[in-house]
Amino acid sequence: MMERKRTDCPALPPGWKKEEVIRKSGLSAGKSDVYYYSPSGKKFRSKPQLSRYLGNTVDLACFDFRTGKMMPGKLQKNKQRFRHDPLSMAKGGKPDLNTALPIRQTASIFKQPVTKVTSHPGNKVKTDLQRAIEQPKQLFWEKRLKGLRSSDVTEQVLRTMDLPKGLQSVGPDASDDTLLSAIASALHMSSAPITGQTSVAAEKNPAIWLNTSQPLCKAFTVTDEHIRVPLFTSLRVITIFILIQTKNQKPDLPQPKHHPF
DNA sequence: GCCACCGGTGGC
DNA sequence: GCCACCGGTGGC
């Protein structure tokens, strides 16, 4: 039997292999089928099947099953509709109770769900539709960014950016270090305006009042003075403020595809 | 019973 | 018309 090669597939986690098999006979002779093999050897013959298996751990939205590559930009046609969207509901779907685990916010390019810890496995979860629709979020996830440093090609650690005047962080164990990362992340991950935490109560009891769609940063206003800051202090500080301003004016700016860290 | 392989078809 | 997806089955 001819040896068919299973090749590594860099778009998938380590250990996954891709195989292409040419049809030898029949009406479809000459066409090919693409299969994937998990590290444990399980065979997959379609994207939906792969998607069901990988769940939240890998985002296959841009994954092209035939070529095995991520195709950024044009999101691959996504027949997988969410069960709470209007189109699916019209077709008689049931609301999604959304028990899927949220994605861990890390610097890794692989998306990992948070770890579920169940102290009483026998307990039934009460359904609360209102709550079930919104995706749970990790509070204070920016703390993970602490201590991350960027370096140049020679692995020389780059000097950290100076913080713009007037920025203050919010929450336990907050530092300038994480504040900068938090703002940079917010700029990259959301197309909404970045305002910081506008609720005063967030400072007293962040666990309850924190706005999870905003970085752990006290509310701030960008002034002309910020932008007129002398050039030598830091070009990048100016860049960050211009980014904030631009974004607040035009929420539709195209966003970078990659996390900054 | 398993699975490699090709057919059939729904959705575009 | 094409093709992604998956059903069905022949050969083991």
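Worth knowing before you read on, the calculation uses all heavy atoms, side chains too, and leaves out hydrogens, waters and symmetry mates. Proteins come first, then strands; the chains are lettered A, B, ... in the order of their sequence lines, and each starts at number 1.
- OP1 or OP2 of C:dC6 lies within a sub-4.0 Å distance of a side-chain N or O belonging to A:S46.
- Judged as a ring pair (Phe, Tyr, Trp, His ring centres under 6.0 Å), the pairs with a partner in residues 17-36 of chain A (not counting sequence neighbours) are, in order, A:Y36-A:F63, A:Y36-A:F65.
- Applying the side-chain hydrogen bond (donor to acceptor under 3.5 Å, both in side chains) rule to A:T7 yields no partners; only residues at least two apart in sequence or on another chain are considered.
- Taken residue by residue, residues 16-27 of chain A places no heavy atom nearer than 4.0 Å to DNA chain C.
- Applying the side-chain hydrogen bond (donor to acceptor under 3.5 Å, both in side chains) rule to A:T198 yields no partners; only residues at least two apart in sequence or on another chain are considered.
- Computed from coordinates, the A:Y53 OH to C:dC6 C1' distance equals 20 Å when rounded to whole Å.
- Ring-plane geometry between A:Y53 and A:W16 is classed as perpendicular, the angle between the planes exceeding 60 degrees on a 0 to 90 degree scale with a lower cut at 30.
- Applying the side chain to side chain contact (heavy atoms under 4.5 Å, CB included) criterion to A:K24, with sequence neighbours excluded, gives no partner residue.
- Not counting sequence neighbours, the partners of A:K17 by the salt bridge (charged side-chain N to carboxylate O under 4.0 Å, His left out) test are A:D8.
- Taking atom OH of A:Y35 as the reference point, atom P of B:dC5 lies 7 Å away to the nearest angstrom.
- Heavy-atom nearest nucleotides on DNA chain C were determined for A:K31 and for A:Q49, and the one closer to the 5' end corresponds to A:K31.
- Between the NZ atom of A:K43 and the P atom of C:dC6 there is a distance of 14 Å, given to the nearest Å.
- Between the side chain of A:E19 and the backbone N or O of A:R6 there is no donor-acceptor pair closer than 3.5 Å.
- Put simply, A:R66 has a side-chain N or O that comes within less than 4.0 Å of OP1 or OP2 on C:dA4.
- Scored by the side chain to side chain contact (heavy atoms under 4.5 Å, CB included) test, A:S25 finds no partners at all (sequence neighbours excluded).
- Remark: A:R23 pairs with A:D33 by the salt bridge (charged side-chain N to carboxylate O under 4.0 Å, His left out) rule, at least two apart or across chains.
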Watson-Crick and G-U pairing of DNA chain B, under 3.5 Å, as dot-bracket with | and [ ]: ||||||||||||
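- When the C1' atom of C:dC5 is taken as reference, atom CZ of A:F44 falls 15 Å away, rounded to whole Å.
- Whole-Å rounding puts the A:Y36 OH to C:dC5 P distance at 10 Å.
- A:E20 pairs by the side-chain hydrogen bond (donor to acceptor under 3.5 Å, both in side chains) definition with A:S32, not counting sequence neighbours.
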Table of protein N/O atoms under 3.5 Å from nucleotides 8-10 of chain C N/O atoms:
none

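- For A:S28, a side-chain nitrogen or oxygen approaches OP1 or OP2 of B:dG7 to under 4.0 Å.
- Residues satisfying the side-chain hydrogen bond (donor to acceptor under 3.5 Å, both in side chains) criterion with A:S46, sequence neighbours excluded, are absent altogether.
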